[in-house]
2 protein chains.
Amino acid sequence: MSNMGNQLISNVFKALAHPTRIQIVKLLRNGELCVCDILPNLDSEQSNTSQHLTVLKNQGIVESRKDGSKVIYSIKNKEVYEMIDLVEAIILRQIEETKTSLLK
Amino acid sequence: MSNMGNQLISNVFKALAHPTRIQIVKLLRNGELCVCDILPNLDSEQSNTSQHLTVLKNQGIVESRKDGSKVIYSIKNKEVYEMIDLVEAIILRQIEETKTSLLK
DNA sequence: TTATTATATTAGGAATTTCTAATATAATAA
DNA sequence: TTATTATATTAGAAATTCCTAATATAATAA
(Lines give C-alpha, C1' and ligand atoms only; values in the text may rest on other atoms or scores of the structure.)
Protein backbone atom coordinates (compact mmCIF):
# COMPACT_ATOMS: atom_id res chain seq x y z
CA MET A 1 0.00 0.00 0.00
CA SER A 2 2.18 2.87 1.16
CA ASN A 3 5.27 1.87 -0.72
CA MET A 4 8.74 3.28 -0.42
CA GLY A 5 9.82 1.72 -3.70
CA ASN A 6 7.25 3.77 -5.56
CA GLN A 7 8.58 6.87 -3.88
CA LEU A 8 12.10 6.08 -5.08
CA ILE A 9 10.85 5.34 -8.59
CA SER A 10 8.86 8.54 -8.81
CA ASN A 11 11.87 10.52 -7.59
CA VAL A 12 13.81 9.39 -10.65
CA PHE A 13 10.94 10.32 -12.97
CA LYS A 14 10.69 13.67 -11.21
CA ALA A 15 14.34 14.37 -11.98
CA LEU A 16 13.53 13.95 -15.67
CA ALA A 17 10.33 15.98 -15.48
CA HIS A 18 11.77 19.22 -16.79
CA PRO A 19 12.62 20.25 -20.36
CA THR A 20 15.94 21.79 -19.41
CA ARG A 21 17.02 18.61 -17.67
CA ILE A 22 16.03 16.54 -20.70
CA GLN A 23 18.09 18.89 -22.82
CA ILE A 24 21.10 18.44 -20.52
CA VAL A 25 20.82 14.66 -20.72
CA LYS A 26 20.63 14.84 -24.50
CA LEU A 27 23.70 17.08 -24.65
CA LEU A 28 25.64 14.45 -22.71
CA ARG A 29 24.71 11.72 -25.18
CA ASN A 30 27.92 12.27 -27.14
CA GLY A 31 30.15 12.25 -24.09
CA GLU A 32 31.12 14.25 -21.08
CA LEU A 33 30.98 18.05 -21.02
CA CYS A 34 32.07 20.75 -18.63
CA VAL A 35 29.42 23.11 -17.31
CA CYS A 36 31.01 25.83 -19.42
CA ASP A 37 30.13 23.86 -22.57
CA ILE A 38 26.65 22.94 -21.38
CA LEU A 39 25.65 26.50 -20.53
CA PRO A 40 25.72 28.03 -24.02
CA ASN A 41 23.42 25.25 -25.25
CA LEU A 42 20.63 26.06 -22.80
CA ASP A 43 18.07 28.84 -22.30
CA SER A 44 18.86 28.91 -18.64
CA GLU A 45 20.86 31.09 -16.27
CA GLN A 46 24.12 29.78 -14.87
CA SER A 47 22.77 29.34 -11.35
CA ASN A 48 19.61 27.70 -12.56
CA THR A 49 21.55 25.29 -14.75
CA SER A 50 23.74 24.42 -11.80
CA GLN A 51 20.60 23.60 -9.81
CA HIS A 52 19.25 21.40 -12.60
CA LEU A 53 22.57 19.54 -12.72
CA THR A 54 22.32 18.97 -8.99
CA VAL A 55 18.84 17.46 -9.38
CA LEU A 56 20.11 15.04 -12.03
CA LYS A 57 23.13 14.17 -9.93
CA ASN A 58 21.07 13.54 -6.79
CA GLN A 59 19.08 10.89 -8.66
CA GLY A 60 22.16 9.19 -10.07
CA ILE A 61 21.43 10.19 -13.64
CA VAL A 62 24.68 12.12 -14.09
CA GLU A 63 27.96 12.25 -12.23
CA SER A 64 30.74 14.82 -12.16
CA ARG A 65 34.44 15.15 -11.64
CA LYS A 66 36.69 18.11 -11.30
CA ASP A 67 39.29 19.04 -13.88
CA GLY A 68 41.23 22.09 -12.79
CA SER A 69 38.77 24.88 -12.41
CA LYS A 70 36.19 23.10 -14.54
CA VAL A 71 33.58 20.53 -13.54
CA ILE A 72 32.93 17.79 -16.05
CA TYR A 73 29.54 16.11 -16.12
CA SER A 74 28.73 12.79 -17.71
CA ILE A 75 25.89 10.30 -17.79
CA LYS A 76 26.07 7.79 -14.98
CA ASN A 77 23.20 5.47 -15.86
CA LYS A 78 22.71 5.22 -19.59
CA GLU A 79 19.31 3.57 -19.15
CA VAL A 80 18.08 7.12 -19.25
CA TYR A 81 18.45 7.13 -23.03
CA GLU A 82 16.32 4.03 -23.42
CA MET A 83 13.74 5.75 -21.25
CA ILE A 84 13.72 8.83 -23.45
CA ASP A 85 13.44 6.64 -26.55
CA LEU A 86 10.42 4.89 -25.03
CA VAL A 87 8.77 8.20 -24.21
CA GLU A 88 9.33 9.37 -27.77
CA ALA A 89 7.65 6.21 -29.01
CA ILE A 90 4.64 6.93 -26.82
CA ILE A 91 4.45 10.52 -28.03
CA LEU A 92 4.71 9.51 -31.68
CA ARG A 93 1.89 7.02 -31.27
CA GLN A 94 -0.25 9.66 -29.57
CA ILE A 95 0.39 12.05 -32.43
CA GLU A 96 -0.56 9.41 -35.00
CA GLU A 97 -3.76 8.75 -33.10
CA THR A 98 -4.63 12.44 -32.97
CA LYS A 99 -3.95 12.72 -36.68
CA THR A 100 -6.19 9.81 -37.70
CA SER A 101 -8.97 10.91 -35.37
CA LEU A 102 -8.89 14.34 -37.01
CA LEU A 103 -9.23 12.82 -40.48
CA LYS A 104 -12.53 11.13 -39.62
CA MET B 1 17.71 25.53 -28.03
CA SER B 2 14.18 26.11 -26.75
CA ASN B 3 12.71 22.83 -27.81
CA MET B 4 9.09 21.79 -27.88
CA GLY B 5 10.01 18.12 -28.10
CA ASN B 6 11.70 18.29 -24.72
CA GLN B 7 8.60 19.86 -23.28
CA LEU B 8 6.49 16.95 -24.54
CA ILE B 9 8.99 14.43 -23.23
CA SER B 10 9.15 16.01 -19.81
CA ASN B 11 5.35 16.08 -19.64
CA VAL B 12 5.29 12.29 -19.86
CA PHE B 13 7.93 11.96 -17.16
CA LYS B 14 5.97 14.40 -15.03
CA ALA B 15 2.89 12.19 -15.29
CA LEU B 16 4.93 9.36 -13.76
CA ALA B 17 6.51 11.58 -11.12
CA HIS B 18 4.22 10.62 -8.26
CA PRO B 19 4.18 7.48 -6.11
CA THR B 20 0.42 7.06 -6.30
CA ARG B 21 0.50 7.21 -10.08
CA ILE B 22 3.28 4.61 -10.17
CA GLN B 23 1.15 2.43 -7.94
CA ILE B 24 -1.83 2.81 -10.28
CA VAL B 25 0.27 1.81 -13.29
CA LYS B 26 1.55 -1.23 -11.42
CA LEU B 27 -1.97 -2.26 -10.46
CA LEU B 28 -2.92 -2.22 -14.13
CA ARG B 29 -0.06 -4.54 -15.05
CA ASN B 30 -2.34 -7.58 -14.75
CA GLY B 31 -5.12 -6.10 -16.82
CA GLU B 32 -7.84 -3.52 -16.76
CA LEU B 33 -9.55 -2.43 -13.56
CA CYS B 34 -12.51 -0.24 -12.66
CA VAL B 35 -11.90 2.72 -10.41
CA CYS B 36 -13.81 0.89 -7.71
CA ASP B 37 -11.16 -1.85 -7.71
CA ILE B 38 -8.24 0.59 -7.90
CA LEU B 39 -9.41 2.70 -4.96
CA PRO B 40 -9.08 0.12 -2.16
CA ASN B 41 -5.47 -0.53 -3.23
CA LEU B 42 -4.35 3.05 -2.73
CA ASP B 43 -3.73 5.41 0.19
CA SER B 44 -5.59 8.15 -1.61
CA GLU B 45 -9.03 9.72 -1.43
CA GLN B 46 -11.52 9.01 -4.18
CA SER B 47 -11.34 12.48 -5.65
CA ASN B 48 -7.59 12.57 -5.50
CA THR B 49 -7.32 9.19 -7.20
CA SER B 50 -9.63 10.41 -9.91
CA GLN B 51 -7.33 13.37 -10.46
CA HIS B 52 -4.29 11.11 -10.68
CA LEU B 53 -6.07 8.95 -13.24
CA THR B 54 -6.78 12.08 -15.27
CA VAL B 55 -3.09 13.01 -15.25
CA LEU B 56 -2.13 9.56 -16.53
CA LYS B 57 -4.85 9.66 -19.15
CA ASN B 58 -3.87 13.11 -20.40
CA GLN B 59 -0.39 11.83 -21.17
CA GLY B 60 -1.63 8.74 -22.98
CA ILE B 61 -0.36 6.34 -20.35
CA VAL B 62 -3.79 4.90 -19.56
CA GLU B 63 -7.13 4.92 -21.32
CA SER B 64 -10.66 4.31 -20.08
CA ARG B 65 -14.03 3.05 -21.21
CA LYS B 66 -17.37 3.04 -19.59
CA ASP B 67 -19.13 -0.14 -18.49
CA GLY B 68 -22.50 0.62 -16.99
CA SER B 69 -21.94 2.85 -14.04
CA LYS B 70 -18.30 1.83 -13.80
CA VAL B 71 -15.28 3.25 -15.57
CA ILE B 72 -12.63 0.75 -16.56
CA TYR B 73 -9.03 1.88 -16.86
CA SER B 74 -6.27 0.09 -18.71
CA ILE B 75 -2.73 0.74 -19.85
CA LYS B 76 -2.58 2.37 -23.24
CA ASN B 77 1.16 2.42 -23.88
CA LYS B 78 2.88 -0.52 -22.30
CA GLU B 79 6.32 1.04 -22.80
CA VAL B 80 5.65 2.46 -19.37
CA TYR B 81 6.55 -0.90 -17.83
CA GLU B 82 9.90 -0.99 -19.57
CA MET B 83 10.49 2.50 -18.25
CA ILE B 84 9.74 1.46 -14.71
CA ASP B 85 12.02 -1.57 -15.08
CA LEU B 86 14.83 0.71 -16.25
CA VAL B 87 14.33 3.03 -13.30
CA GLU B 88 14.44 0.08 -10.95
CA ALA B 89 17.74 -0.98 -12.51
CA ILE B 90 19.14 2.51 -11.89
CA ILE B 91 17.97 2.49 -8.29
CA LEU B 92 19.42 -0.95 -7.61
CA ARG B 93 22.77 0.11 -8.98
CA GLN B 94 22.70 3.23 -6.83
CA ILE B 95 21.96 1.14 -3.76
CA GLU B 96 24.84 -1.22 -4.55
CA GLU B 97 27.14 1.75 -4.91
CA THR B 98 26.05 3.21 -1.60
CA LYS B 99 26.55 -0.14 0.05
CA THR B 100 30.11 -0.65 -1.23
CA SER B 101 31.09 2.91 -0.44
CA LEU B 102 29.93 2.37 3.12
CA LEU B 103 32.07 -0.74 3.48
CA LYS B 104 35.26 1.16 2.73
C1' DT C 1 48.82 39.60 -4.11
C1' DT C 2 44.76 40.84 -7.15
C1' DA C 3 41.86 39.73 -10.91
C1' DT C 4 39.39 36.54 -13.54
C1' DT C 5 37.07 32.40 -14.75
C1' DA C 6 34.17 28.49 -13.53
C1' DT C 7 30.81 26.74 -10.69
C1' DA C 8 27.88 26.29 -6.45
C1' DT C 9 24.96 27.98 -2.91
C1' DT C 10 21.43 30.74 -0.82
C1' DA C 11 17.21 33.39 -0.10
C1' DG C 12 12.94 34.64 -1.43
C1' DG C 13 9.22 35.21 -4.59
C1' DA C 14 6.50 33.22 -8.49
C1' DA C 15 4.54 29.33 -10.49
C1' DT C 16 2.90 24.80 -10.28
C1' DT C 17 1.36 20.59 -8.10
C1' DT C 18 -1.05 18.22 -4.61
C1' DC C 19 -4.56 17.37 -1.45
C1' DT C 20 -9.06 17.86 0.88
C1' DA C 21 -13.78 18.88 1.17
C1' DA C 22 -17.72 19.81 -1.11
C1' DT C 23 -20.56 19.28 -4.92
C1' DA C 24 -21.94 17.50 -9.52
C1' DT C 25 -23.17 13.91 -12.77
C1' DA C 26 -24.54 9.56 -14.51
C1' DA C 27 -26.16 4.90 -14.12
C1' DT C 28 -28.70 1.65 -11.71
C1' DA C 29 -31.79 -0.09 -8.08
C1' DA C 30 -35.73 0.22 -5.16
C1' DT D 1 -39.84 8.93 -8.63
C1' DT D 2 -36.15 8.60 -4.98
C1' DA D 3 -32.05 6.52 -3.26
C1' DT D 4 -27.70 4.61 -3.99
C1' DT D 5 -23.42 3.62 -6.18
C1' DA D 6 -19.57 5.02 -9.08
C1' DT D 7 -16.87 8.57 -10.72
C1' DA D 8 -15.64 13.42 -11.98
C1' DT D 9 -15.18 18.24 -11.16
C1' DT D 10 -14.28 22.37 -8.59
C1' DA D 11 -12.31 25.69 -5.32
C1' DG D 12 -8.98 26.87 -2.38
C1' DA D 13 -5.29 25.98 0.93
C1' DA D 14 -0.80 23.66 1.62
C1' DA D 15 3.26 21.89 -0.23
C1' DT D 16 6.67 21.73 -3.64
C1' DT D 17 9.28 23.22 -7.60
C1' DC D 18 11.29 26.73 -10.27
C1' DC D 19 13.63 30.89 -11.24
C1' DT D 20 16.30 35.12 -10.38
C1' DA D 21 19.57 37.88 -8.15
C1' DA D 22 23.09 38.07 -5.14
C1' DT D 23 26.89 36.06 -3.02
C1' DA D 24 30.33 32.40 -2.06
C1' DT D 25 34.09 29.35 -3.31
C1' DA D 26 37.85 27.44 -5.77
C1' DA D 27 41.24 27.38 -9.35
C1' DT D 28 44.11 29.77 -12.33
C1' DA D 29 46.30 33.85 -14.43
C1' DA D 30 48.42 38.28 -14.28
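The shortest side-chain heavy-atom distance between A:V35 and A:Q46 does not fall under the 4.5 Å cut-off. Taking 4.5 Å as the limit, some side-chain heavy atom of A:L53 sits within range of a side-chain heavy atom of A:I38. With a 4.5 Å cut-off on side-chain heavy atoms, A:I24 and A:Y73 do not count as touching. You'll find the side chain of B:D43 stays beyond 4.5 Å of the side chain of B:T20, heavy atoms only. At least one side-chain heavy atom of B:C36 sits less than 4.5 Å from a side-chain heavy atom of B:K70. Side-chain atoms of B:L8 and B:V12, non-hydrogen and from C-beta on, never get closer than 4.5 Å to each other. Side-chain contact check for A:L86 versus B:L86: some heavy-atom pair is nearer than 4.5 Å.
A distance of 12.5 Å separates CG in A:L16 from NZ in B:K14, rounded to the nearest 0.5 Å. The CG atom of B:N41 sits 5.0 Å away from the CG atom of B:L27 when rounded to the nearest 0.5 Å.
Residues from residues 48-64 of chain A with heavy atoms under 4.0 angstrom of DNA chain C, sorted by number: A:S50, A:Q51.
Each ring-ring contact (aromatic ring centres under 6.0 Å, His included) pair with one or both residues in residues 31-66 of chain B, not counting sequence neighbours, appears once here: B:H18-B:H52. Among residue pairs with one or both ends in residues 73-88 of chain B, those qualifying as salt bridge (Lys or Arg N to Asp or Glu O under 4.0 Å) are A:R93-B:E79, A:E97-B:K76, B:K26-B:E88, B:R29-B:D85; sequence neighbours excluded.
Within 4.0 Å of A:S44, counting heavy atoms only, lies no atom of the nucleic acid at all.
Between chain A and DNA chain C, the heavy-atom contact criterion of under 4.0 Å yields a 5' to 3' nucleotide range of C:dA6 to C:dA11.
The residue from A:I72, A:D37, A:V62 that alone fulfils the side-chain contact (heavy atoms from CB on, under 4.5 Å) condition with A:E32 is A:I72.
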Dump the pairs, protein N or O against N or O of nucleotides 12-14 of chain D, anything under 3.5 Å, distances to one decimal.
none

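A stem is defined here as three or more consecutive Watson-Crick or G-U pairs, each with both distances under 3.5 Å; for DNA chain C these stems are C:1-30 with D:1-30.
Of the two residues near DNA chain D, A:T20 and A:K66, the one whose nearest nucleotide lies more 5' is A:T20. Along DNA chain C, the nucleotide nearest B:S69 and the nucleotide nearest B:R21 are compared for position; the residue whose nucleotide lies closer to the 5' end is B:R21. Nearer the 5' end of DNA chain C, as judged by each residue's closest nucleotide, is the contact made by B:K14, out of B:K14 and B:K70.
Cluster annotation: B:L56 is connected to B:L39 through the hydrophobic network of ILVMFWY side chains, with a link wherever side-chain heavy atoms come within less than 4.5 Å.
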